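Inspection log for the structure reproduced underneath, given as structure tokens.
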Amino acid sequence: FRQNAAIYGLSNPDAALEAVDARADSHGWTHLTYKQVYRGVPVFGGEVKTHFDPSGQLVSVSGTVVPEASINTTPSVSRNAAGGAALAQVAAGGSAAGATVRNASLYVFRTGLAQGVEGENHLAWEVEVSNGRDVREFVYVDAHSAKVLDQITGIHEGLSRRAYGGAFLPNV
């Protein structure tokens with residue numbers, strides 16, 4: 001990572017990537033997992049895995065590294081205010097009956113990352129809003145402006161699914 005820091009958009013990979021797991025498999029390969037942080041704040045979606053063959057040669061790197069951008073990592077919006085903004089966002093979607101804020105964690109959040117498009121880094125509260133039954137939303141609230149940046153549903157809505165096997169396909 002030090003040799004290729006510019007490719008990943010990192011100025012100091014030693015500070016930006018924290019080793020969180022090391023595993024050897026039954027074939028002698030070693031797999032290392034790193035989580036990305038920025039000034040001590042976890043980066044949403046920032047995870048990289050490296051894979052070494054039995055001789056110790058790096059074979060592949062996979063995952064997501066969010067390019068660094070200078071942001072203030074001290075929130076000016078409180079956890080409670082972010083929770084209020086998240087509840088209002090979920091209520092506006094019509095699904096907040098009995099919902100409360102279950103958790104709020106601070107992240108560096110890159111808009112557009114989940115959609116695979118260009119975006120900007122923000123310090124954001126990830127606020128989990130749930131009613132313990134059929135509502136579980138993760139709302140990302142800017143920790144400086146209280147603007148809602150994104151919302152990700154934590155419960156799949158598809159109730160009726162069918163699985164098909166190749167045996168059911170007609171002969172072509």
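Just so you know, these numbers come straight off a predicted model, no measurement behind them.
- The closest side-chain donor-acceptor pair between Ser78 and Asn80, if any, does not fall under 3.5 angstrom.
- Proximity of Gln36 to Val48: side-chain heavy atoms (C-beta onward) are nowhere separated by under 4.5 Å.
- Between Gly83 and Val127, the closest heavy-atom pair is CA-CG1, 4.0 Å.
- Between Val61 and Tyr8, some side-chain heavy-atom pair lies under the 4.5 Å cut-off.
- Panel note: side chain Thr153, backbone Glu137; no donor-acceptor pair is recorded below 3.5 Å.
- Counting only distance, with no hydrogens or angles, the side chain of Glu68 and the backbone of Ser11 share a donor-acceptor pair below 3.5 Å.
- Heavy atoms from other residues, nucleotides or ligands lying under 6.0 Å from CD of Gln115 number more than 12.
- Using a 4.5 Å cut-off on side-chain heavy atoms (C-beta onward), Arg79 and Val101 make no contact.
- Asp142 and Val77 get closest at one heavy-atom pair: O-CG2, 4.0 Å.
- Evaluation of the ring-ring contact (aromatic ring centres under 6.0 Å, His included) test over residues 45-72, restricted to residues two or more places apart or in two chains, returns His31-His51.
- Between the Thr111 side chain and the Glu120 main chain, a donor and an acceptor come within less than 3.5 Å of each other.
- Of the candidates Tyr38, Trp125, Phe44, Phe44 is the only one forming a ring pair (Phe, Tyr, Trp, His ring centres under 6.0 Å) with Phe109.
- Side-chain heavy-atom separations under 4.5 angstrom define the hydrophobic clusters, and the remaining members of the one that includes Val59 are Trp29.
- Between Asn131 and Arg102, the shortest heavy-atom distance links the atoms C-NH2, 3.4 Å.
- Between Asn121 and the choices Leu113, Val43, Val108, the side chain to side chain contact (heavy atoms under 4.5 Å, CB included) rule is met once, by Val108.
- Looking at His122, its side chain never comes within 3.5 Å of a backbone N or O of Tyr140 through a donor-acceptor pair.
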